[in-house]
Amino acid sequence: MSSGMSYDLVVIGTGPGGYVCAIRAAQLGLKVAVVEKRKTFGGTCLNIGCIPSKALLYASEKFEEAAHELASFGVVVGKPTLDLPAMMKHKDDTVGANVNGVAYLFKKNKIDSFIGLGTITAPGKVQVKAEDGSTQDIETKNIVIATGSEVTPLPGVTIDEQVVVSSTGALALPAVPQNLVVVGAGVIGLELGSVWSRLGAKVTVVEFLDRILPGMDGEVAKQAQRIFEKQGFTFKLGHKVLGVEQSGGSAKVTIEPAAGGEKIVLEVDKVLVSIGRRPVTDGLGLDQVGVTLDRGRVVIDDHFATNVPGIYAIGDVVRGPMLAHKAEDEGIAVAEILAGQHGHVNYNVIPGVVYTSPEIAAVGQTEEDLKAKGITYNVGKFPFTANGRARAMRQTNGFVKILADAKTDQVLGVHIIGPVAGELIGEACVLMEFGGSAEDLARTCHAHPTLSEAVKEAALGVDKRSIHI
Ligand code: FAD
Ligand code: NAI
């Protein structure tokens, strides 16, 4: 660590937005420091978000495979037993390797790091308050706020991270709960609900709306719900939580239809609150320097600048989807702008992936979006049941759906539910980034036998000429 220094750029927060911004700025020759209040770098994503959740999703999928799937391939292993501490160690080791990787990259790129709460005391001035109360003042030409987000609380419900947990507690339960109520059928609820369901918990998801995964293509969400129900999930859609009463290590969750009606009491041993995330600006001193907020989010222009010269913001703390790759791309763009280049993010091509089994992935517009805008479109759809590789893997649930402009054939949205959908969506992103058409995709040679042939077949389907259905 260094002190009494003056920088070109100080980045507050080292999540995917902040650390990537710092590295890109250093690559471009800027003198950069980062400020982080956690003991480790990497933010929500690496410490308590994307990475630990994917480590547990992968491990629990292996358990599920051993319990229910391997025998159908002729691999007989007997009934698997769960070593939860070993699974948690795998998660912790994965997190450790990733956060240490960021520390290494900071050193490699000669980025100074300050551990403590960062407060902007004036444009160009950041004070860092360490855990022991000591403070250091740093001077800088520019500041990037990358302070991310935190769990949105459920009014009237206390998250104690023991019985009533947020995603953070749900990533570190000491034992598999018998019954788990998940509040919110969004990404966290379905991913972490899947982890504990696979390991043996009976999962009930309470969702205020009458559908799961709001914002995702409706047809995909419906199919996903059917699959999750087969996996053992119970959905209480169109229900709201009235209260959670805790006693002796368990909880009674009272719910009621959102439109009014009979109350139901669910007696469970754990409750996961996953109703969204909200931006973090506490302690940053934004009031004092006059940075404008809109419903808690830092307001920025198209070049990530706040209303105060020299102060920029990116990632979960600003508008747009709360996703790690969106934060990273904004980090790169603002670093390039600060170095005198023309950084840019194409918000029309930001993929979203739900890492359940099967995975759900989307980029661009949904059918609902296109209908609302009055854009005429053609649909190409191809089911994984008709894909040879998916059959060989016994993973035939789901389909690929491509939406292309009816007049120009330009691909406007791709929606996939199926095996490794999160990887398959990549080629759709590249296609859309280049403004490609369904015909471009349909005429591109895809290796056989691969799951990606389902993407090509869906593209052929836009012109009603799929070969295998
Ligand atoms: P963050 O990662 O939240 O980082 C902000 C950092 O700023 C934190 O380290 C915080 O300690 C620090 N900070 C805040 N205030 C101060 C201050 N005043 N001084 C110093 N430091 C400060 N996204 C995906 O794209 N894919 C996924 O699979 C995925 N899985 C997720 C799973 C879970 C359980 C959760 C909770 C989130 C997940 N996300 C996922 C979302 C993803 O984590 C966020 O979109 C991403 O972390 C946002 O990055 P960020 O840099 O904006 O902020
Ligand atoms: P979410 O926004 O995905 O889902 C929240 C759900 O809760 C919605 O369906 C909403 O209708 C419902 N809801 C809201 N208030 C409610 C209430 N009072 N009672 C019942 N239901 C209620 O939020 P989630 O799952 O908490 O995740 C937060 C964010 O983290 C995501 O939006 C995403 O940006 C990010 N994330 C991304 C992941 C990924 O990319 N794979 C994984 C996990 C999180």
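Positions are given from 1 along the sequence.
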Residue set satisfying disulfide (SG to SG under 2.5 Å) with C50, at least two apart, ordered chain then number -> C45
Side-chain donor or acceptor of T119 paired with backbone N/O of L284 under 3.5 Å: no
Can you name the nearest heavy-atom pair linking I314 to C21, along with the distance? CD1-CB, 4.1 Å
All pairs passing salt bridge (charged side-chain N to carboxylate O under 4.0 Å, His left out) where residues 41-51 contributes a residue, at least two apart: none
Are any side-chain N or O atoms of N307 and backbone N or O atoms of G290, one a donor and one an acceptor, separated by less than 3.5 Å? yes
Neighbour count above 12 (heavy atom, 6.0 Å) for D301 CG: yes
Should the heavy atoms of other residues, nucleotides or ligands under 6.0 Å from NZ of K129 be counted, would the total exceed 12? no
Apply side-chain contact (heavy atoms from CB on, under 4.5 Å) to the pair V206 and V253, showing each step before the final yes or no. CA-CA 10 Å; V206 182; V253 183; 5.5 Å; no
Less than 4.5 Å apart, side chain to side chain, heavy atoms only: is that true for V298 and L293? yes
How far apart are the C-alpha atoms of E427 and K456, what are their side-chain angles, what is the distance that settles it, and do they pass the salt bridge (charged side-chain N to carboxylate O under 4.0 Å, His left out) test? CA-CA 10 Å; E427 70 168 307; K456 174 181 172 153; over 6 Å; no
So does D8 pair up with K141, basic N to acidic O under 4.0 Å? yes
Please evaluate residues I145 and I120 with respect to the criterion side-chain contact (heavy atoms from CB on, under 4.5 Å), reporting the C-alpha separation (whole Å), side-chain torsions for both, the decisive distance (0.1 Å), and the verdict. CA-CA 10 Å; I145 299 168; I120 305 171; 4.0 Å; yes
Could you tell me whether K401 and E219 make a salt bridge, using a distance below 4.0 angstrom between a side-chain N and a carboxylate O? yes
I'd like to know if the side chain of H446 reaches the main chain of T444, judged simply by a donor and an acceptor atom lying under 3.5 Å from each other, with no hydrogens or angles considered. yes
Tell me whether T152 contacts the main-chain N or O of G276 through its side chain, where contact means a donor paired with an acceptor under 3.5 Å. yes
Can you name the closest pair of heavy atoms from A55 and T94 and give their distance? CB-OG1, 4.0 Å
Any non-hydrogen side-chain atom of S166 less than 4.5 Å from a side-chain atom of V273? no
For the residue pair F233 and F228, does the interplanar ring angle fall in the parallel (under 30°), tilted (30 to 60°) or perpendicular (over 60°) class? tilted
Nearest heavy-atom pair of I425 and P351: which atoms, and what distance? CG2-CB, 4.2 Å
If the condition is side chain to side chain contact (heavy atoms under 4.5 Å, CB included), which residues does D294 pass it with, not counting sequence neighbours? V299
Donor-acceptor pair, E453 side chain versus T450 backbone, under 3.5 Å? yes
Name all pairs fulfilling the salt bridge (charged side-chain N to carboxylate O under 4.0 Å, His left out) condition that reach into residues 41-57, sequence neighbours left out, sorted by first residue then second. K54-E191
Pairing residues for E328 by the side chain to side chain contact (heavy atoms under 4.5 Å, CB included) criterion, not counting sequence neighbours: P16, V20
Measure the shortest side-chain to side-chain distance between V34 and Y19 over non-hydrogen atoms and say whether it is less than 4.5 angstrom. no
Does some side-chain heavy atom of M393 sit less than 4.5 Å from a side-chain heavy atom of L451? yes
Can a salt bridge be assigned to the pair K125 and E139 using a cut-off of 4.0 Å between side-chain N and carboxylate O? yes
Between V334 and N142, is the side-chain contact (heavy atoms from CB on, under 4.5 Å) condition met? List the steps. CA-CA 11 Å; V334 76; N142 292 295; over 6 Å; no
Ignoring hydrogens and angles, tell me if any N or O in the side chain of Q395 forms a donor-acceptor pair with the backbone of P419 under 3.5 Å. no
Taking ring pair (Phe, Tyr, Trp, His ring centres under 6.0 Å) as the definition, give me every residue that meets it alongside Y355, ordered by chain and number, with sequence neighbours left out. none
Under 3.5 Å, side chain of K326 to main-chain N/O of G315, donor-acceptor pair present? yes
Using distance alone, with no hydrogens and no angle criterion, decide if D132 and S134 have a side-chain donor and acceptor under 3.5 Å apart. yes
For the side chain of H325 and the backbone of I350, is there at least one donor-acceptor N/O pair under 3.5 Å apart? no
Got a sec, which pairs hit salt bridge (charged side-chain N to carboxylate O under 4.0 Å, His left out) with one end in residues 302-316, sequence neighbours left out? none
Can you tell if the side chain of L56 reaches within under 4.5 Å of the side chain of M88, non-hydrogen atoms only? yes
Determine yes or no for a side-chain-to-main-chain donor-acceptor pair under 3.5 angstrom, with E368 supplying the side chain and D217 the backbone. no
Atom CD in E161, atom CG in L173: separation rounded to 0.5 Å? 9.5 Å
Might you confirm whether atom OH of Y347 has over 12 heavy atoms from other residues, nucleotides or ligands at distances under 6.0 Å? yes
Please assess H415 against L403 for the test side-chain contact (heavy atoms from CB on, under 4.5 Å), listing each intermediate value before the final yes or no. CA-CA 8 Å; H415 306 273; L403 308 174; 3.8 Å; yes
Would you say F208 has more than 12 foreign heavy atoms packed within less than 6.0 Å of its CZ? no
Inter- and intrachain pairs under salt bridge (charged side-chain N to carboxylate O under 4.0 Å, His left out), touching residues 19-29, at least two apart: R24-E336
Just wondering, do I159 and T168 contact through their side chains at under 4.5 Å, heavy atoms? no
Side-chain contact test, heavy atoms from C-beta onward, threshold under 4.5 Å: evaluate it for Y312 versus H303 and give yes or no. no
Closest non-hydrogen contact found for E207 with L209 is OE2-N, 2.9 Å
Where do V363 and A428 come nearest, in terms of heavy atoms and distance? CG1-CB, 4.0 Å
Partner residues of Q288 under the side chain to side chain contact (heavy atoms under 4.5 Å, CB included) criterion, sequence neighbours left out: none
What residues, two or more places apart in sequence or in another chain, satisfy side chain to side chain contact (heavy atoms under 4.5 Å, CB included) together with K89? D93
Check: T306 side chain, V308 main-chain N or O, donor-acceptor pair, under 3.5 Å: yes
Looking at every heavy atom in both W196 and P177, which two are closest together, and how far apart are they? CE3-CD, 3.9 Å
For F399, which residues count as a ring pair (Phe, Tyr, Trp, His ring centres under 6.0 Å) partner, sequence neighbours excluded? none
Y58 side, atom OH; H90 side, atom NE2 - distance, nearest 0.5 Å: 8.5 Å
Return each pair, listed once, that meets ring pair (Phe, Tyr, Trp, His ring centres under 6.0 Å) where at least one residue sits in residues 25-47; pairs must be two or more places apart or across chains. F41-F106
Would you say R211 and M216 make side-chain contact, with heavy atoms under 4.5 Å? yes
Side chains of E457 and N387: is there a donor and an acceptor less than 3.5 Å apart? no
Partner of S149 by side chain to side chain contact (heavy atoms under 4.5 Å, CB included), out of R278, R297, M322: M322
